[in-house]
Asks: 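Dropping a structure here in structure tokens format, bear with me for questions.
Numbered from 1 within each chain, the chains take letters A, B, ... in sequence-line order.
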Amino acid sequence: MASSCLTPLSSPLCSQYSSLSLPNSNIAFSSPSHLQQLHSLLIKSGAPISSLSFPQIASVCALSSPSAFSYARHLFHRSADSPEIFLWNTHLNTLSSSSPSDALLLFNRLLSSNLLPNTFSCSFALKACSQLSHCLLTGKTIHALILKLGFDPDVFLNNTLVHMYSSFGAMADARLMFEKMPKSDAVSYNIMIARLTKDGEMELAREMFDVMPERSVRSWTSLIAGYVQWKNPREAVRLFVEMEEVGVRPNEVTVVAVLAACADLGALDLGKRVHQYGNRFGFLKNVRVCNTLIDMYIKCGCVQIARKVFDEMAERTVVSWSAMIHGYAIHGQGDDALELFEEMRKAGIRPNPVTFVGLLHACSHMGLLEQGRKFFQSMICDYNIVPEIEHYGCMVDLLSRAGLLDESLDFIKKMQIKPNGVVWGALLGGARVYKRVDMGEEAIRQLIDLDPLNDGYYVVLSNIYADAGRFDDAAKVRRLMRNKGVKKTPGWSTIAVDGVIHEFVAGESDHAQVEEIYRRWDDLLVELRVRGYVPDTSVVLLDMAESEKESVLYRHSEKLAVVFGLMSTPPGTVIRIMKNLRVCNDCHAALKLISEIAKREIIVRDRNRFHCFRDGVCSCRDYW
DNA sequence: TTAGGGTTAG
């Protein structure tokens, strides 16, 4: 130890250090090099270790001249194992998560003590900065200190710095740091990928993922979660399958991400497989895994299995309860939703804003007007929850569906926040059911501003006019659509048979078995007519003859998917369909009858909710 | 003793 400290050093004289002394010691020195020589002498003379004060000397050297840095660095490493700094770090670590600003105060005290921070101390301080929105400058100062102390080759610390910059959204700095660091590892890439996915920069994230030398389960999970977040669940599933193929074992977080993708896609088979996998590896003890599992089953049309997962959970959070309540609501089981809320209250779980969205949804879909009003009031008064746009949307839907259109409009006008397209769309929906042209026009005036390219609204208004016998006005709406360049979103439906997803697009006929599907439909149509089915051509918003409109109706994607399901699955099998738009009136009527004729349960997930057709009736009770 | 990914609405 002594010999290395005695290495001759030739540091230039530093005038501001003339006649200085170290605090709590009798060492006086005139320059950093003088201090180093004194230090060497002390070591040589066999002075007690406590009087050598490595950190103090190191800090003076480090903060004086660049040529003294290496000596400082050397001394620092001597003091790094000091039990004292370990204690400081322990406190810093605790505070960096529980009270970041106190962690920074403590770090400041450490700097003015006779100890030097080590890489751990700096790491905790940076973590504290990352959690305080106003501390970018402090983080930069610590970065400077890290350079001065010679910690810059430390990969761990550099990763913390990349994370610190990225958490402030200072991506130019984060990237510079990432590119300039002498050595990077999988964590460095993971930090960058995580930030890029959060920012929606999926292509850049993918580029990084593709070039990184080594990938960990976190690298895969970050990207999969990113694809889920940015509404590309297909790519998420594709990546998950690839991850399994290359032999990386998914963990709880991966499972959460891929289950969310399954929920979006309605991919029940994969969801079930992931469920089994999670069960095998003990992931079902994790609340988030179970919450996502509940959501997956709900969105794949399996409320009962979702409830089983819910019932078997060892611990439930407000998220578990809210997911289940919302699940009942969108499956038309409003009474179950309300019952579960009662249980939730008795269990002492405090509802959150999302819980109330589920409850209000349940009420509006069951026509429980007074109950819905009570929930809205209770949310504000009993739980101090400020209504969000979703709550207003549910309330307008509740009032409009109940036929209280004037009250609904009044409610919108009194809203504390700006109404959005969903709110006005709910009023428009009510205007259609109750044949209120005036309300439809009022809603569309707002919607043209808020959501001008959404074809659905124009369709509804045109139907309102057609219902009122105002065919000229209905035609005007179609012209308006053309003038505004509004394109009708093509309707598509999917059905999984033997693990293969079959997609049907309205009006397109590129399915391999299309001829047989059409033949089966024609046969079915005969039976449908016998049972009183009359095609409702009012949903076809095209300028054409009635007979042509009927042809268009018969090629609606959900009809084709159902017919395909009937012909390619054994009798009694439940038919599960996913649709990108809402089910139209005509398909709804047809599917009710088909469930009766074919003695099949048909479950359709449309963009808003589920319809479960069984024995000629729908779970939505024709109220959707 | 230090860094990186996750849940319910719309």
Asks: Please say whether more than 12 non-hydrogen atoms of neighbouring residues, nucleotides or ligands are located less than 6.0 Å from CD in Glu203(A).
Replies: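 Open.
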Asks: Mind checking His361(A) for me? I need base, sugar-phosphate or nothing, with any heavy atom below 4.0 Å counting as a touch.
Replies: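 The residue His361(A) makes sugar-phosphate contact but no base contact.
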Asks: Whole angstroms only, please: what is the CG-P distance between Leu95(A) and dT2(B)?
Replies: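 Interatomic distance, CG of Leu95(A) to P of dT2(B): 15 Å.
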Asks: Quickly work out the Arg288(A) CZ to dG6(B) C1' distance and round it to whole Å.
Replies: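 Going from Arg288(A) (CZ) to dG6(B) (C1'), I get 5 Å.
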Asks: Just call it for Asp185(A): base, sugar-phosphate, or nothing, with non-hydrogen atoms closer than 4.0 Å on any strand.
Replies: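 Asp185(A): base contact, heavy atoms under 4.0 Å.
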Asks: Could you state the CH2-P distance from Trp321(A) to dT7(B), rounded to the nearest angstrom?
Replies: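 Between P of dT7(B) and CH2 of Trp321(A): 22 Å.
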Asks: Taking the side chain of Phe120(A) as its heavy atoms from C-beta onward, which of dA9(B), dT2(B), dG4(B) lies nearest to it?
Replies: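 Closest of the options to the side chain of Phe120(A): dT2(B).
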Asks: Which part of the nucleic acid, if any, lies within contact of Asn420(A), taking any heavy atom under 4.0 Å across all strands shown: a base, the sugar-phosphate backbone alone, or nothing?
Replies: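 Asn420(A): no heavy atom of the nucleic acid under 4.0 Å.
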Asks: Is any side-chain N of the basic residue among Arg206(A) and Glu235(A) closer than 4.0 Å to the acidic one's carboxylate O?
Replies: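 Result for this pair is yes, salt bridge flagged.
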Asks: Just call it for Ala257(A): base, sugar-phosphate, or nothing, with non-hydrogen atoms closer than 4.0 Å on any strand.
Replies: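 Nothing, no nucleic acid heavy atom in range.
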Asks: Would you kindly give the CG-to-P distance between Leu157(A) and dG4(B), to the nearest whole Å?
Replies: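 Nearest whole value for this atom pair: 13 Å.
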Asks: Whole-Å distance between dT8(B) P and Gln229(A) CD?
Replies: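 In whole Å, dT8(B) P lies 11 Å from Gln229(A) CD.
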Asks: With heavy atoms under 4.0 Å as the rule, sort Asn352(A) into base, sugar-phosphate or nothing.
Replies: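 If one applies the 4.0 Å heavy-atom cut-off, Asn352(A) turns out to touch a base.
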Asks: Among Tyr328(A), Phe310(A), Phe356(A), find the residue that satisfies the ring-ring contact (aromatic ring centres under 6.0 Å, His included) test when tested with Trp321(A).
Replies: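 Single pass found, and it is Phe310(A).
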Asks: Starting at atom CG of Leu161(A), determine the distance to atom C1' of dG4(B), rounded to an integer number of angstrom.
Replies: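 For the pair Leu161(A) CG and dG4(B) C1', the rounded distance is 14 Å.
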Asks: Using only heavy-atom distances, decide whether a donor-acceptor pair under 3.5 angstrom links the side-chain of Ser219(A) to the base of dG4(B).
Replies: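 Answer is no: no donor-acceptor pair is held.
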Asks: Tell whether Ser222(A) reaches the base of dG5(B) with its side chain through a donor-acceptor pair below 3.5 angstrom.
Replies: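 Absent.
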Asks: With a 4.0 Å cut-off on heavy atoms, is Ser188(A) in touch with a base, just the backbone sugar-phosphate, or nothing at all?
Replies: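 Nothing: the residue Ser188(A), judged by heavy atoms under 4.0 Å, touches no strand.
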Asks: Under a plain distance cut-off of 3.5 Å, with no hydrogens placed, do Thr197(A) and Ser222(A) share a side-chain donor-acceptor pair?
Replies: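 The criterion, which ignores hydrogens and geometry beyond distance, is not satisfied for Thr197(A) and Ser222(A).
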Asks: Compile the donor-acceptor pairs under 3.5 Å between side chains in residues 383-394 of chain A and protein atoms, sequence neighbours left out, one pair per line.
Replies:
from, atom 1, to, atom 2, distance (Å)
His391(A), ND1, Glu388(A), N, 2.9
His391(A), NE2, Pro353(A), O, 2.8

Asks: Looking for any heavy atom pair under 4.0 Å, which part of the strands does Val289(A) touch: base, sugar-phosphate only, or nothing?
Replies: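 Counting heavy atoms under 4.0 Å across all strands, the contact made by Val289(A) includes a base.
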Asks: Using the side-chain hydrogen bond (donor to acceptor under 3.5 Å, both in side chains) criterion, which residues pair with His143(A)? Sequence neighbours excluded.
Replies: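 Per chain and number, His143(A) pairs via side-chain hydrogen bond (donor to acceptor under 3.5 Å, both in side chains) with Tyr165(A).
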Asks: Using whole Å, what does the distance between atom C1' of nucleotide dT8(B) and atom CD1 of Ile325(A) come to?
Replies: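 My rounded result for the distance is 10 Å.
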Asks: Check every atom of dG5(B), dT8(B), dT7(B) against the side chain of Arg218(A) and return the nucleotide holding the closest atom.
Replies: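 Closest nucleotide to the Arg218(A) side chain: dG5(B).
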Asks: Figure out the CE/C1' separation between Met192(A) and dG4(B), and round it to whole Å.
Replies: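 Whole-Å distance recorded here is 12 Å.
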Asks: Does Ser322(A) contact dT8(B) through a side-chain donor or acceptor facing the base, at a distance under 3.5 Å?
Replies: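 A donor-acceptor contact between them is present.
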Asks: Any idea which of dA9(B), dT1(B), dA3(B) is nearest the Asn89(A) side chain?
Replies: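 Of all the options, the side chain of Asn89(A) is nearest to dT1(B).
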Asks: Looking across every strand, which nucleic acid part, if any, lies under 4.0 Å from Val422(A) by heavy atom: base, sugar-phosphate, or nothing?
Replies: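 Sugar-phosphate contact only - Val422(A) comes under 4.0 Å of backbone atoms but never of a base.
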Asks: What contact category does Asn158(A) fall into here, base, sugar-phosphate, or nothing, at under 4.0 angstrom with non-hydrogen atoms?
Replies: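 Here Asn158(A) touches no strand at all.
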